[in-house]
Protein chains: 8
Amino acid sequence: GFAKIDHHRTIRQGFPEVIFCQGKTVEQVATIATRLAGHNNNLLATRATHEMFEAVKLSVPDAVYREQSRLITVKRDETVVDPDRFILVVTAGTGDIPVAEEAAITAEMMGNTVKTVYDVGVAGIHRLIAQYDLLQQANVLIVVAGMEGALASVVGGMVAKPVIAVPTSVGYGANFGGLSALLAMLNSCAAGIGVVNIDNGFGAGRLASMINQMR
Amino acid sequence: GFAKIDHHRTIRQGFPEVIFCQGKTVEQVATIATRLAGHNNNLLATRATHEMFEAVKLSVPDAVYREQSRLITVKRDETVVDPDRFILVVTAGTGDIPVAEEAAITAEMMGNTVKTVYDVGVAGIHRLIAQYDLLQQANVLIVVAGMEGALASVVGGMVAKPVIAVPTSVGYGANFGGLSALLAMLNSCAAGIGVVNIDNGFGAGRLASMINQMR
Amino acid sequence: GFAKIDHHRTIRQGFPEVIFCQGKTVEQVATIATRLAGHNNNLLATRATHEMFEAVKLSVPDAVYREQSRLITVKRDETVVDPDRFILVVTAGTGDIPVAEEAAITAEMMGNTVKTVYDVGVAGIHRLIAQYDLLQQANVLIVVAGMEGALASVVGGMVAKPVIAVPTSVGYGANFGGLSALLAMLNSCAAGIGVVNIDNGFGAGRLASMINQMR
Amino acid sequence: GFAKIDHHRTIRQGFPEVIFCQGKTVEQVATIATRLAGHNNNLLATRATHEMFEAVKLSVPDAVYREQSRLITVKRDETVVDPDRFILVVTAGTGDIPVAEEAAITAEMMGNTVKTVYDVGVAGIHRLIAQYDLLQQANVLIVVAGMEGALASVVGGMVAKPVIAVPTSVGYGANFGGLSALLAMLNSCAAGIGVVNIDNGFGAGRLASMINQMR
Amino acid sequence: GFAKIDHHRTIRQGFPEVIFCQGKTVEQVATIATRLAGHNNNLLATRATHEMFEAVKLSVPDAVYREQSRLITVKRDETVVDPDRFILVVTAGTGDIPVAEEAAITAEMMGNTVKTVYDVGVAGIHRLIAQYDLLQQANVLIVVAGMEGALASVVGGMVAKPVIAVPTSVGYGANFGGLSALLAMLNSCAAGIGVVNIDNGFGAGRLASMINQMR
Amino acid sequence: GFAKIDHHRTIRQGFPEVIFCQGKTVEQVATIATRLAGHNNNLLATRATHEMFEAVKLSVPDAVYREQSRLITVKRDETVVDPDRFILVVTAGTGDIPVAEEAAITAEMMGNTVKTVYDVGVAGIHRLIAQYDLLQQANVLIVVAGMEGALASVVGGMVAKPVIAVPTSVGYGANFGGLSALLAMLNSCAAGIGVVNIDNGFGAGRLASMINQMR
Amino acid sequence: GFAKIDHHRTIRQGFPEVIFCQGKTVEQVATIATRLAGHNNNLLATRATHEMFEAVKLSVPDAVYREQSRLITVKRDETVVDPDRFILVVTAGTGDIPVAEEAAITAEMMGNTVKTVYDVGVAGIHRLIAQYDLLQQANVLIVVAGMEGALASVVGGMVAKPVIAVPTSVGYGANFGGLSALLAMLNSCAAGIGVVNIDNGFGAGRLASMINQMR
Amino acid sequence: GFAKIDHHRTIRQGFPEVIFCQGKTVEQVATIATRLAGHNNNLLATRATHEMFEAVKLSVPDAVYREQSRLITVKRDETVVDPDRFILVVTAGTGDIPVAEEAAITAEMMGNTVKTVYDVGVAGIHRLIAQYDLLQQANVLIVVAGMEGALASVVGGMVAKPVIAVPTSVGYGANFGGLSALLAMLNSCAAGIGVVNIDNGFGAGRLASMINQMR
Ligand SMILES: Nc1ncnc2c1ncn2[C@@H]1O[C@H](COP(=O)(O)O)[C@@H](O)[C@H]1O
Ligand SMILES: Nc1ncnc2c1ncn2[C@@H]1O[C@H](COP(=O)(O)O)[C@@H](O)[C@H]1O
Ligand SMILES: Nc1ncnc2c1ncn2[C@@H]1O[C@H](COP(=O)(O)O)[C@@H](O)[C@H]1O
Ligand SMILES: Nc1ncnc2c1ncn2[C@@H]1O[C@H](COP(=O)(O)O)[C@@H](O)[C@H]1O
Ligand SMILES: [Mg+2]
Ligand SMILES: [Mg+2]
Ligand SMILES: [Mg+2]
Ligand SMILES: [Mg+2]
Ligand SMILES: [Mg+2]
Ligand SMILES: [Mg+2]
Ligand SMILES: [Mg+2]
Ligand SMILES: [Mg+2]
C-alpha cells in the first residue's frame with residue numbers, strides 16, 4: 001500500500017495521525033481518511049482542497065470542510081480537557097487569519113478551549129495593549145505574523161507563559177516567502193518562544209495543545 | 001546610562017533579566033551584574049568570557065563560572081518548583097554538549113529538575129531506543145543537534161510531550177553555520193516541536209522551564 | 001541538428017542516452033525518441049508530459065507512459081542481471097512516491113530487481129524498524145524523503161550497504177523547494193550516503209543500478 | 001594618485017567628503033585626512049583604527065578619536081543649524097550602542113542637536129512607552145536594532161515623523177550577520193521607515209541630518 | 001471582527017490607515033474600505049484587483065481605480081500642504097513605472113506636489129544629466145529602479161536632498177526577484193539614501209510625504 | 001512620455017537601443033518600436049510575445065518574429081563587418097537552444113558571421129572534442145549551458161580566444177533557477193571567461209559582437 | 001558520560017566508530033580513542049589537531065598522525081579485501097589534495113587498494129584524457145574538486161562505474177565556501193554520481209569502500 | 001607528483017600556466033615556480049604571501065614581489081604586442097586598488113599597455129565624466145568596484161568597447177562578501193559587459209589581454 005497508517009499514534013501521542021493532503025492525490029486522501037475515520041473518534045486533514053473534501057464526504061458523511069483554513073474535520077468526541085485553561089491565538093494582520101484558523105481549529109479538535117484576537121500588529125501597539133488582560137489570562141499563546149514578525153517579541157515580553165510563534169508568508173519583496181518573519185522570530189530577544197515552520201498553523205496548534213494539557 | 005535594566009521582569013516573567021554578554025564590554029557586564037545581584041536572589045549571564053567573570057566576581061563574590069557553557073551563575077534560592085517533573089536534555093553528539101549545558105543550567109537556575117542523555121544521535125538509533133523509558137518519563141524534552149538535526153524528529157515521534165529543538169552550528173561545509181539543522185527541525189514531520197535559534201541553549205532552557213512549571 | 005545523440009553511450013556506460021524532456025519541445029522529444037528506439041532495445045524518457053508520450057507513440061508503438069513518475073519507457077530486453085540482489089527504495093511519506101517510482105522504474109529498466117517500502121518516515125520509527133529484515137537483505141538502498149530528510153540518516157545507520165539519498169521538494173515554507181532535505185542528507189552523521197539532486201529519482205536509480213551490478 | 005578627493009562635495013552636498021577607512025592603508029587615510037583638513041572646517045573618518053588616528057594626529061593635531069564608534073573627528077565649526085529640532089537615536093540593546101554612537105556623532109558633526117535613548121527593546125515594551133513624550137518631540141528618529149529588529153516597527157507606529165532604521169549585526173545563529181534585522185526592517189508594517197545598510201550608523205546620521213535641516 | 005481598524009491613525013500619523021489588499025478577500029477589502037470611507041476624507045487601498053474596486057465602489061461611489069499602480073483612491077480633500085515644494089519620482093526604466101506611480105499617487109493623496117521623470121537609467125547617463133536642474137529643485141527624491149539599481153547612487157551623489165530608493169523586481173535571472181537592486185541600494189556609496197522594500201512604492205511615497213511636509 | 005529613447009546610442013555604441021519587452025505593455029513596445037524603426041536601419045526587441053509582434057507589425061511591416069528566441073527583428077542593413085571572422089555559439093544541451101538563438105541572432109543583427117554547435121555537453125566529452133577544429137577557428141565563443149555549467153570551463157581550456165559564458169535556468173531542484181551554472185562559470189578555473197546574467201543571450205551576443213569587430 | 005560509544009558498529013557496519021574530532025576537547029578525543037583502540041584492531045580519527053594526536057599517542061602508542069589530511073590512524077589489521085579492485089581518487093587541483101588524502105586513507109584503512117591522480121582539472125582536459133586507461137580500470141572513483149567542480153561531470157561521462165563527488169571549499173569569492181562546486185556536482189548532467197558534503201573526504205572514502213567491497 | 005603542470009599551455013593559450021598560490025603550501029609554490037621558470041620567459045603567481053616569494057626567490061632570483069596585488073612576477077620578455085592599444089583599469093574607490101593592480105599587472109605581464117584611473121565612483125559622477133576622453137580612447141576597459149558596483153553600468157553606457165567588470169568584496173553588512181556588486185554587474189542594463197568572479201583581478205586581466213590582442 002502507498003501509506004503505512006500509524007494507528008498506534010492515538011495511544012502514543014494522544015491524537016490519531018493527521019493527514020497532510022498537499023502532494024497526495026484525491027484518491028489517496030479519501031482512502032486514508034476512510035481508514036482513519038473507522039478507527040478513531042476525531043479526524044483532521046490539513047491543506048485539503050474542496051475536491052478532496054467531496055471525496056472524503058462520500059464515505060465519512062460527518063466530515064466538515066473549513067474553507068478559510070482548508071481543513072477537513074470530523075469531531076465525534078466533544079470533550080474539552082480543561083475548559084478554563086485557554087489557548088490564545090493572536091495575529092498581526094488580517095492576511096494572517098487563515099493560518100491562525102488552522103492553528104485554532106487544530107487545538108479545538110484536540111480538546112482545548114481556544115480564543116482569538118486578530119489584527120493587533122505592532123504598527124499600532126495600542127491595539128495590542130488594549131488586550132493586556134486577555135493576554136495575561138491565556139495559558140499558552142500562539143502568535144501568527146508575516147512581514148517583519150515583530151508581534152512575537154512584543155507578546156513574548158508581556159506574558160510569562162509559553163509563546164508559539166508562527167511566521168507566515170504574508171508580504172512581498174524581501175519577505176522571501178516568509179523568511180523575514182521566520183528569522184525575526186528565531187532571533188527574538190524575548191525568551192520563552194518556540195518557532196514552527198512558515199504557515200504551519202497545524203504544528204502550532206498541536207504543540208500548544210500538548211502544553212495546555214500538561215498537569 | 002547604557003542599559004535600562006528591566007527590574008520589573010521578575011514580577012512579570014518569574015525570573016530576573018538575564019545578561020547576554022556577547023557584544024558588551026567587560027565593564028558593562030560587571031555593572032549590570034552588580035545591579036541585578038543587588039535586587040535578586042538568582043543571577044544568570046550567558047556567553048560570558050572568563051575575563052567578564054573575574055570582573056563580576058569582584059562585587060558578586062558568590063558568582064560561579066561554568067566553563068563549558070560559558071555561563072556566570074549566582075544561585076541563592078535553591079527552590080525546585082516541582083521536583084518530580086523533570087526536563088530531559090538530549091544531544092545527538094558530543095560536540096553539542098556546550099549548548100546542551102547552557103540549556104540544562106538555565107532550566108536548573110529557574111527551579112527545575114533536569115536530566116541529560118548525551119550522544120544518542122540517529123546514526124546508531126539503538127542508543128536512543130535504549131533510553132525509551134527515560135524519554136517517556138520526561139515532562140518536557142530539549143533536543144540539541146547539529147549536522148542534519150534528525151534527532152528532533154525521531155524523539156518527537158516517540159513522546160507525547162512538548163519537544164524544544166535546538167539546532168547547533170556543529171558540522172562543516174553545507175551545514176552553513178547551523179542552517180542545515182535549523183531547516184530540518186523547522187520542517188520536522190513530527191508535530192509538537194518548537195524550534196529556537198541556532199546554539200540558543202538559553203532560550204530552550206527558559207521555554208522548557210515555563211512549560212514544566214505550568215499547572 | 002538540435003541534438004547530438006550520444007549513440008556511443010550504450011557501449012561506454014551500459015545503457016543508451018536517456019531523454020530529459022523538460023525544456024524540450026514535443027517535436028524534439030519525439031524525434032530523439034524515434035532515433036534512439038531505432039538503435040536500442042530499451043528506451044527511457046524522464047519528466048515527460050502526456051502530450052510528449054502521444055507524439056512518441058506514433059513512431060514507437062511499444063512505448064508505455066508511467067503516469068505517476070512521468071516516464072516514457074520501452075522495454076524490449078527483459079534481462080535481469082542478478083535477480084537475487086535487489087535494490088530497496090524507501091520513502092518517508094506518500095508524497096515522495098512519484099520520485100521513488102522514477103528511481104524504481106529507472107533501476108528496473110536497467111535490469112535490476114527492485115523492491116519498495118513506502119511511508120515509513122521517522123516520526124513513527126516503529127514503522128521503519130518493522131522493516132528491519134528487508135533493509136538488511138537489500139544490496140543497495142535508495143532513500144527518498146522531503147521535509148527534514150531524516151530518514152536517510154536513520155536508514156544509513158541501520159545498514160552496512162550503500163545508501164543513495166534523494167531529497168524531494170515535498171513540504172512548504174522553510175523547506176525552500178527541497179533545500180531542507182538536501183542539506184540534511186549532505187550533513188548526515190551516518191557515513192556511506194551519496195546524495196543526488198532534489199527530486200532526481202532518475203539519477204538515484206542509475207547510480208543504484210551501477211552499484212548493484214558490480215561484481 | 002590613489003584617491004580623487006571630491007573637494008566640490010561641500011558645495012554640492014553641504015559637508016566635505018567623509019573618509020571610509022576600512023580597506024585603506026594607514027598612509028592612505030593620513031594623506032586624505034591631511035588634504036581634507038586643509039580645505040575644510042570639519043572632518044569625519046569612519047571605521048578608523050587607533051593606529052590610523054595616531055597617523056592623522058601628526059598632521060591634524062585637533063583630531064579626536066571616538067573609541068566606541070571608531071570615528072576620527074575634527075570639529076572647528078560648532079554651528080548648530082536649528083538647535084530646537086533634535087534627532088533622537090534609539091537602540092534596542094546595549095550591544096547596539098557603537099553603531100548608534102556612529103550615527104549620533106555623524107549627525108552632531110553636521111550641525112544637529114542629537115538626543116539618545118538606549119536599551120529600550122521590545123521585549124520590555126514599557127521601557128519604550130516610558131519614553132513616549134521624548135519620541136513625540138523628536139523631529140527625526142534613528143532606530144538601531146539587531147536580532148529581530150522589531151523596534152523599528154514599534155517606534156514607526158508611535159510617531160508621525162520619519163524613522164531611519166539601522167539593522168545591526170548584533171546576535172548570533174540565524175541572524176546571519178544582521179540579515180534578520182535587515183529583512184524585518186524592510187518588511188515593516190509601519191510606513192514611513194527608510195532602511196540603511198547593516199551597521200551603517202554613518203549613513204543613518206547623514207540622512208537624518210539632511211531631513212532635520214529641511215525647511 | 002477580522003480587522004481592528006486603527007481609526008486613531010489620522011490623529012497619530014496624519015493620514016488614515018491604508019488598506020493593503022493583497023491576501024485579503026474581496027469582502028474584507030470592501031468592508032474595511034466602507035468603514036474607513038465613512039470616517040475619513042481620503043482613502044487609499046494598495047495592491048487592489050479590479051474586482052476589489054468593483055466591490056468597494058458599491059458603497060463608496062467616489063472611489064477611483066488607478067489601473068497601472070493597482071490603487072483604489074478616494075480624494076475628497078484636495079489640500080496641498082506646501083505647493084512649491086515638490087517630490088520628484090525618477091525611474092531607471094519603463095518597466096519600473098507601475099511602482100513609481102504607486103509612490104507618486106500615494107504622495108499626492110497625502111497632500112504633496114509630485115513630479116516625475118521616467119526612463120533615465122544609468123546606461124545612458126546623459127538622459128539623467130539632462131534633468132540636472134529639475135533634480136536640484138526637488139525637495140525629496142524617490143528613485144525607482146530594478147536590475148542593478150545603480151540609479152539611486154548616481155542621483156544620491158548629485159543632490160543634497162534626501163533620496164528614498166525603491167528596488168523593483170524588474171529583471172530576470174540573477175536579479176532574484178529584486179534582490180540585486182535591493183542590495184545595490186543598501187550598499188550605495190552615496191550617503192543620504194533610505195531604502196524601502198522591493199516594489200514598495202507606497203512606503204516610499206509615505207516616507208517622502210513625511211519628509212516633504214516637515215518644517 | 002513613458003520612455004526616453006536613447007537615439008544617440010547608434011553613434012555612441014554602434015547599434016540602436018534594443019527594446020527589452022518584458023514588463024512593458026503591448027502598447028509601450030509598439031510605440032517604442034515604431035519610433036526606433038523610423039530612425040534606424042535595424043531594430044531588435046527581446047523577450048517579446050507574439051501579441052507584441054502583431055502590434056509592432058502594424059506600423060513596421062518588415063518586422064519578423066523569431067519564435068524560439070522570442071525576438072522581433074528588422075534587418076534592413078545586411079552588412080557583415082568582417083565575414084571571415086566568426087562567433088561560435090556552443091550549447092551543452094537541447095534545452096539551452098532558445099537562449100543560444102537569442103545570442104546568435106543578436107550577433108547577426110549587429111553584423112557578424114555566426115556559427116552554432118548545439119548539444120555537446122561535457123557528459124559525453126567526445127562530442128565536444130569532435131568539434132576541435134571549429135572551436136580553434138572561432139574568433140569569439142559563446143558557451144550556453146544550464147545545470148552544472150561545466151562546458152564553459154572545458155571550452156575555455158581548449159581555446160586561446162575570449163569566451164562569453166551564459167548560464168541558463170535549464171535544470172531543476174538545486175539549480176535554483178540557474179544559480180548552479182552561474183556560480184560554476186564565475187568560479188571557472190579556466191581564465192579568459194566573461195560571464196553574463198542567467199538566460200541573457202542578448203547580452204552575450206552584444207559583447208561577442210563588440211569583441212569580434214575590434215581591430 | 002559525554003559519549004555513548006557505538007561498540008556494536010563493527011558488527012553492524014564492518015568498521016568501528018570513527019572519531020570526528022572537530023568540536024571535541026583534547027581530553028574527549030583521547031578518552032574515546034583509548035576506549036576504541038582497546039576494542040578494535042583499527043582506529044580512525046578525522047579533523048584531528050597535532051595536539052590531539054599527542055594526547056592519543058600517550059595511551060595508544062601505535063597511533064600515527066597524517067599531517068596533510070589531519071587524520072589519526074591505527075592500523076593493526078593489514079587485510080585488503082580484494083586487492084585487484086581499486087578505488088581511484090582524482091583531484092582537479094593541488095589545493096584539493098588534503099581532502100583527497102582524507103578520502104584515500106579512509107578507504108585504505110577499511111581494506112581497499114587505492115590509487116590517486118592529482119591535478120587533472122578540466123581547464124587542461126588533455127591531462128585527464130591522458131589518464132583514460134586508469135579511469136577505465138578503476139572499480140569506484142572519487143572525484144575531488146573545488147571552484148566550479150566540473151571534473152565530476154567529465155569523469156562521470158567517461159566511465160561506467162560509480163563516481164563519488166566531493167566538492168571542496170577551495171576557491172574564493174562566489175564559491176561561497178564550496179557552494180559552487182556542490183551545486184555543480186548535484187546538477188551534473190552525467191548520471192551515476194553521488195555527492196557528499198563539502199570537504200567530506202572521509203564520507204567519500206567510506207562510501208567508496210562499501211561499494212568496492214560488494215560482491 | 002602533486003601537480004601536473006600544463007607546460008603545453010603557452011602553445012595552447014599564449015601564456016604559461018599561472019600559479020594560484022592560495023591553498024598551496026610554500027614548498028608546493030616554490031617547486032612549481034622553479035619548474036615553470038625553467039621552461040618559460042615569464043612567470044606569474046597570484047595570491048602569494050611574502051613567505052612564498054622568499055622561497056621562490058631562492059631558485060628564481062629575478063622574481064619580484066608586488067606587495068599590494070600579492071603577485072610574484074618574472075618578466076624576461078618585455079615585448080608589448082600592440083603598444084598603442086591600451087587597456088584601461090578603472091576603480092570606484094581606493095579600497096578596490098589591490099584587485100585593480102592584480103588585473104593591471106596581469107595584463108602587462110601578457111604584453112599589453114595598461115593605464116589606470118582610480119577612485120572615480122558614481123557618488124561623484126563628475127570625477128568619471130572628467131575622464132571621458134581617456135575612456136573613449138581605451139580599447140578594452142576593466143571596471144573594478146565593490147559595494148553597489150554601479151560603476152560598471154555607467155562606464156558600460158559611455159563606451160562602445162568591451163567592459164570586463166570585477167566585483168570586489170569591499171564593503172560591509174549587506175554586501176555579503178561581494179555579492180551585492182556581483183549581482184549588480186550581472187544585472188547591468190548596459191550591454192557589452194562580461195563579469196568575472198569577486199576579487200578576480202587576474203581573470204579580468206587575462207580576458208582583457210585576449211581581447212586587446214585580437215586582430
Ligand atoms: N544566549 C542568549 N541568547 C538569546 N537571548 C539571550 C541570551 N542570553 C540572554 N538573552 C536575552 O537577552 C536579553 C538581554 O538583552 P540585552 O539588553 O542586550 O542585555 C535578556 O533579557 C534575555 O531575554
Ligand atoms: N503596498 C504596501 N506595502 C507595504 N505596506 C502597506 C502597503 N499598503 C499598505 N500598507 C501598510 O499596511 C497596513 C495595513 O495592514 P493590514 O492591517 O494587513 O491591512 C497599512 O496601514 C499600511 O501601513
Ligand atoms: N534580453 C535582455 N537582457 C538584458 N538587457 C537587455 C535585453 N534586451 C535589451 N536589453 C537592454 O535593455 C535596454 C533597454 O531597457 P529599457 O529602457 O527598459 O527598454 C537596451 O538598450 C539593452 O541594453
Ligand atoms: N587569482 C586567480 N584567480 C582565479 N584563477 C587563477 C588565479 N590565479 C591563477 N589562476 C588559474 O588557476 C590555474 C592553476 O590552478 P592550480 O592547478 O590549482 O595551480 C592557473 O592556470 C590559472 O588559470
Ligand atoms: Mg491591520
Ligand atoms: Mg557520537
Ligand atoms: Mg505518512
Ligand atoms: Mg537590554
Ligand atoms: Mg529604457
Ligand atoms: Mg543532449
Ligand atoms: Mg593545477
Ligand atoms: Mg573615494
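On a predicted model such as this, the values are computed, not experimentally measured, just so you know. Proteins come first, then strands; the chains are lettered A, B, ... in the order of their sequence lines, and each starts at number 1.
- In Glu51(F), the CD atom is not crowded: 12 or fewer heavy atoms of neighbouring residues, nucleotides or ligands sit closer than 6.0 Å.
- Taking 4.5 Å as the heavy-atom cut-off, the residues of residues 162-181 of chain F that approach chain E are Phe176(F), Leu179(F), ordered by number.
- Gln68(E) contributes atom CD, which lies 10.0 Å from atom CZ of Phe2(F) (distance to the nearest 0.5 angstrom).
- Applying the side chain to side chain donor-acceptor pair (under 3.5 Å) test to pairs two or more places apart or on separate chains, those with a residue in residues 29-39 of chain F are Thr34(F)-Ser59(F).
- Within the structure, every pair that satisfies the salt bridge (Lys or Arg N to Asp or Glu O under 4.0 Å) test and touches residues 80-95 of chain E, not counting sequence neighbours, is listed here: Asp82(E)-Arg85(E), Asp82(E)-Arg215(E).
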Side-chain donor-acceptor pairs of residues 148-160 of chain E under 3.5 Å, sequence neighbours excluded:
| from | atom 1 | to | atom 2 | distance (Å) |
| --- | --- | --- | --- | --- |
| Glu148(E) | OE2 | Ser153(H) | OG | 2.4 |
| Glu148(E) | OE2 | Cys189(H) | N | 2.9 |
| Ser153(E) | OG | Ser188(E) | OG | 2.8 |
| Ser153(E) | OG | Glu148(H) | OE2 | 2.4 |

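- A distance of 9.5 Å separates CG of Asp119(E) from CD of Gln28(F), quoted to the nearest 0.5 Å.
- Counting only heavy atoms from C-beta outward, the side chains of His126(E) and Lys4(F) never approach each other to under 4.5 Å.
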